[in-house]
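Model, not experiment: these values are computed from the prediction. Both backbone and side-chain heavy atoms feed into the values below; hydrogens, waters and symmetry mates do not.
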Amino acid sequence: MEAMERRRAAADRVRVAEGVVEQLREGLAEFGVKLPSLRIDPVSCAGDEPAPLVDLGRCNIDTALRLCEVLAEKGSGHDG
């Protein structure tokens, strides 16, 4: 693969990761969950061929409990 093609493919991977982060942010917000540190891990985007990782980050206990509630509701088949 030519260097230009590799750079283009790497940029595409980063764009996809950015889109995933935004989808997660919006989807969680619909259930009243906000992960303040949700982002792409910058270290995983370094180098010639980045492999972006989504960093769900840290959150306080209240946010973690809310996320558990949402998952439990969805797991039990309730639309909450």
Side-chain angles (χ1 to χ4, degrees):
M1 188 182 290
E2 186 179 313
M4 190 67 150
E5 291 173 344
R6 283 195 308 271
R7 282 193 292 271
R8 194 171 298 125
D12 287 344
R13 286 191 296 272
V14 172
R15 274 192 292 279
V16 167
E18 289 170 340
V20 168
V21 167
E22 191 55 37
Q23 280 183 286
L24 278 169
R25 185 173 286 120
E26 290 172 3
L28 290 168
E30 288 180 24
F31 295 98
V33 176
K34 180 179 180 183
L35 298 176
S37 301
L38 178 62
R39 65 184 182 138
I40 297 173
D41 173 50
V43 175
S44 67
C45 293
D48 293 335
E49 295 186 34
L53 297 173
V54 175
D55 185 353
L56 298 175
R58 300 170 10 169
C59 64
N60 63 32
I61 298 287
D62 291 337
T63 301
L65 287 171
R66 178 65 186 133
L67 185 54
C68 288
E69 290 171 6
V70 168
L71 292 171
E73 289 170 7
K74 283 300 189 184
S76 65
H78 293 84
D79 289 332

Output all residues satisfying salt bridge (Lys or Arg N to Asp or Glu O under 4.0 Å) with [X], sequence neighbours left out; order by chain, then residue number.
X   : result
D41 : none
E69 : R66
R25 : E22

Partners meeting side chain to side chain contact (heavy atoms under 4.5 Å, CB included) with D62 (sequence neighbours left out):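 If we apply the side chain to side chain contact (heavy atoms under 4.5 Å, CB included) test to D62, skipping adjacent residues, the hits are N60.
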Residues which pass side chain to side chain contact (heavy atoms under 4.5 Å, CB included) with C45, listed by chain and number, not counting sequence neighbours: V14, I40, P50, P52
Pairwise distance CG(L67) to CG(L35) - rounded to 0.5 angstrom: 6.5 Å
Gap between atom CZ of F31 and atom CD of E73 - 0.5 Å precision: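 Output value for this atom pair is 8.5 Å.
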Partners meeting side-chain hydrogen bond (donor to acceptor under 3.5 Å, both in side chains) with R15 (sequence neighbours left out):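 side-chain hydrogen bond (donor to acceptor under 3.5 Å, both in side chains) check on R15 returns D12.
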Cluster companions of L65 among Ile, Leu, Val, Met, Phe, Trp, Tyr (side-chain spacing under 4.5 Å): I61
Salt bridge (charged side-chain N to carboxylate O under 4.0 Å, His left out) pairs, two or more places apart, involving residues 49-59: R39-D55
In one Ile/Leu/Val/Met/Phe/Trp/Tyr side-chain cluster, 4.5 Å: L28, L71: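 L28 clusters together with L71.
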Within one Ile-Leu-Val-Met-Phe-Trp-Tyr cluster: V33 and V20, side-chain cutoff 4.5 Å: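 V33 clusters together with V20.
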Under 3.5 Å: donor-acceptor pair, side chain of S37, backbone of G57: no
L38 vs V54, side chain to side chain contact (heavy atoms under 4.5 Å, CB included): CA-CA, chis, key distance, verdict: CA-CA 7 Å; L38 178 62; V54 175; 4.0 Å; yes
